[in-house]
Amino acid sequence: MEGNMPSQACKPVTETVSKDGLVIPIIDFAPFLNGTPADKHAVAISIVGAFKTSGFLYLKDHGIPPSIVARVFKSSAAFFARPQDQKDTLGWTTPQANRGYVRTGREKLSTVDDLSDPEARRAIPDIKEILMTRAIALGMNLPVHFFDEYVDQGDNTLRLLHYPAVHKDIFKTNPGQVRAAEHSDYGSITLLFQDRRGGLQARSPEGTFVDVTPFPDTVVINAGDLLARWSNDTIKSTRHRVVEPPKAYGEEDESEVYPDRYSIAYFCNPNHDKFIEAIPGTYGEDISNAKYPGITAGEYLVQRLAATY
């Protein structure tokens, strides 16, 4: 039995955000990368536990150097500072391609700009995506390699997001004004790097929105709709939005303008040709208890993207 218990040194979870029934923990990924089998299992259980309750978690000690993250934020700011006509030449084209710059207002769910940049994508390692999916498999009591064949082609999307500076009066005179409207993500998991401005909020079980406060050197990870569907809704894809920065960040001076906000989102998806249906063990003994019909990952994502633009 001792081999199945986490070691005394492995304490992967620290509660950080807790309000209105929404708990978003900080989870230390180092024991999964370097620890004993029992340590790995403890981390995996913590990750899946967070996905089943809040759909959100923070990951620390994830293996991506802060210098790499800072470099990509710098590259993002440099791109968005380019003249508008230059950015427009790199415009988003089709749901099938899902690459390119998105001018403010084009995307229905939000008012953000986008550049899926191969150079930036190479600059941020993907936190060894197969390691993350192996943690999810282990935490769901599946064979540890269950997801490997579903994610080995890297059908993922990196988005460099820019929220332009905005006058504070806009939020005062327009109740309900947001920087990105309430939505859920489409794929399996999203890795989000935030700057210090804040503004990301997740919907709580009580229907309120709770600040997903930026914590240094952590990455926010949330489950997407496709993973929720795959898990027969045992995992939650929680709706979220971006609003004006909290007072701690947005009102630290007498400026009348909220500064630009930048974030980096890495949307992980199963291989587009893979057929996604309810995972064994999520629907009991009868497949008719599955809530959703099977669908290829690519078809599902194209359907969602086509409805968005």
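Within the 4.5 Å cutoff, the side chain of Leu160 has heavy atoms near those of the Ile264 side chain. At a threshold of 4.5 Å between non-hydrogen side-chain atoms, the residues Tyr163 and Phe80 do not count as touching. Inter-residue side-chain proximity for Leu200 and Gln194 is flagged as met; some heavy-atom pair is nearer than 4.5 Å. With contacts defined as side-chain heavy-atom distances shorter than 4.5 Å, the pair Ile221/Phe51 qualifies. Looking only at side-chain heavy atoms (C-beta outward), Phe209 and Glu182 come within less than 4.5 Å of each other. Contact of the Phe73 side chain with the Phe193 side chain is registered, since non-hydrogen atoms from C-beta on lie closer than 4.5 Å. Side-chain contact check for Gln86 versus Phe79: every heavy-atom pair is 4.5 Å or farther apart. Side-chain atoms of Cys268 and Leu191, non-hydrogen and from C-beta on, do get closer than 4.5 Å to each other.
Salt-bridge check for Asp148 with Arg134: passed, with a basic side-chain N closer than 4.0 Å to an acidic carboxylate O.
One distance of note links CG of Asp155 with NE2 of His272; it measures 4.0 Å at 0.5 Å rounding. The NZ atom of Lys40 sits 8.5 Å away from the CZ atom of Phe29 when rounded to the nearest 0.5 Å. Rounding to the nearest 0.5 angstrom, the gap separating the CZ atom in Arg304 from the OG atom in Ser184 is 5.0 Å. One distance of note links NE2 of His162 with CZ of Arg261; it measures 11.0 Å at 0.5 Å rounding. In this structure, CG in Asp28 is found 5.0 Å from NZ in Lys60, a value given to the nearest 0.5 Å. Between atom NZ of residue Lys172 and atom NE2 of residue His167 there is a gap of 8.5 Å, rounded to the nearest 0.5 Å.
Taking all atoms of both residues into account, the shortest heavy-atom contact from Met140 to Ile279 is CE-CD1, 4.1 Å. The two residues His62 and Asp217 make their nearest non-hydrogen contact at NE2-O, 3.5 Å. The two residues Ser188 and Leu227 make their nearest non-hydrogen contact at O-CB, 3.3 Å. The heavy-atom pair separating Thr238 from Gly55 by the smallest distance is OG1-CA, 3.8 Å. When all heavy atoms of Asp61 and Leu33 are compared, the closest pair comes out as O-CD1, 4.0 Å. Contact record, Thr234 with Lys52: O-CG, 3.2 Å, taken as the closest heavy-atom pair.
No chain of hydrophobic side-chain contacts below 4.5 Å, direct or via other Ile, Leu, Val, Met, Phe, Trp or Tyr residues, connects Phe267 to Leu161. Under a hydrophobic-cluster definition in which Ile, Leu, Val, Met, Phe, Trp and Tyr are linked whenever side-chain heavy atoms come within less than 4.5 Å, directly or via other members, Ile235 and Leu142 are assigned to the same cluster. By the rule that hydrophobic residues join a cluster once side-chain heavy atoms approach within less than 4.5 Å of another member, Val151 and Phe146 end up as members of one cluster. Under the 4.5 Å side-chain heavy-atom criterion for ILVMFWY residues, a single connected hydrophobic cluster contains both Leu59 and Val72. A single hydrophobic cluster is not seen to contain both Ile295 and Tyr283; linkage of ILVMFWY side chains at heavy-atom distances under 4.5 Å, directly or through other members, places them apart.
A perpendicular orientation is assigned to the rings of Phe147 and Tyr150, their planes being inclined by more than 60° (bins at 30° and 60°).
Remark: the backbone N or O of Arg71 is paired with a side-chain donor or acceptor of Ser75 at under 3.5 angstrom. Using a distance-only test at 3.5 Å, with no hydrogens or angles considered, a donor-acceptor pair links the side chain of Lys236 to the main chain of Thr53. Using a distance-only test at 3.5 Å, with no hydrogens or angles considered, no donor-acceptor pair links the side chain of Asp185 to the main chain of Gly224. Asn271 places a side-chain N or O within 3.5 Å of a backbone atom of Glu149 that can act as its donor or acceptor partner. Looking at Arg179, its side chain does come within 3.5 Å of a backbone N or O of Pro164 through a donor-acceptor pair. Proximity of a side-chain donor or acceptor of Asp195 to a complementary backbone N or O of Tyr262 within less than 3.5 Å is detected. In this structure a side-chain-to-backbone donor-acceptor pair under 3.5 Å is missing from Ser237 to Tyr186. Remark: side-chain polar atoms of Asp39 are paired, donor with acceptor, to backbone N or O of Thr36 under 3.5 angstrom. The backbone N or O of Gly21 sits nowhere less than 3.5 Å from a side-chain atom of Ser204 that would complete a donor-acceptor pair. A donor-acceptor contact shorter than 3.5 Å is absent between the side chain of Gln153 and the backbone of Asp273.
Under the ring pair (Phe, Tyr, Trp, His ring centres under 6.0 Å) criterion, Phe275 pairs with no residue at all, not counting sequence neighbours. Scanning for salt bridge (Lys or Arg N to Asp or Glu O under 4.0 Å) contacts around Arg82 gives an empty result, with sequence neighbours left out.
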- Message: Determine whether Leu138 and Phe32 satisfy the following criterion, side-chain contact (heavy atoms from CB on, under 4.5 Å), listing intermediate values before the conclusion.
- Response: CA-CA 11 Å; Leu138 189 59; Phe32 190 85; 4.2 Å; yes
- Task: Please test Asp211 against Thr213 for side chain to side chain donor-acceptor pair (under 3.5 Å), starting from the C-alpha separation and ending with a verdict.
- Result: CA-CA 5 Å; Asp211 291 334; Thr213 305; 5.5 Å; no
- Query: Hey, mind stepping through Tyr292 and Asp233 against side-chain contact (heavy atoms from CB on, under 4.5 Å) and telling me if it holds?
  - Reply: CA-CA 10 Å; Tyr292 308 99; Asp233 285 342; 2.6 Å; yes
- Message: Using the rule given for side-chain contact (heavy atoms from CB on, under 4.5 Å), can you reason through His240 versus Gln201, listing the C-alpha separation, both sets of side-chain angles and the distance that settles it, and then say yes or no?
- Response: CA-CA 6 Å; His240 48 283; Gln201 295 182 327; over 6 Å; no
- Task: Please step through side-chain contact (heavy atoms from CB on, under 4.5 Å) for the pair Ile136 and Ile189, ending with a clear verdict.
- Result: CA-CA 10 Å; Ile136 295 171; Ile189 59 172; 4.1 Å; yes
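Remark: aromatic rings of Trp230 and Tyr300 are distant, center separation not under 6.0 Å.
If you run side-chain contact (heavy atoms from CB on, under 4.5 Å) between Tyr58 and each of Val219, Ile27, Thr16, only Thr16 comes through.
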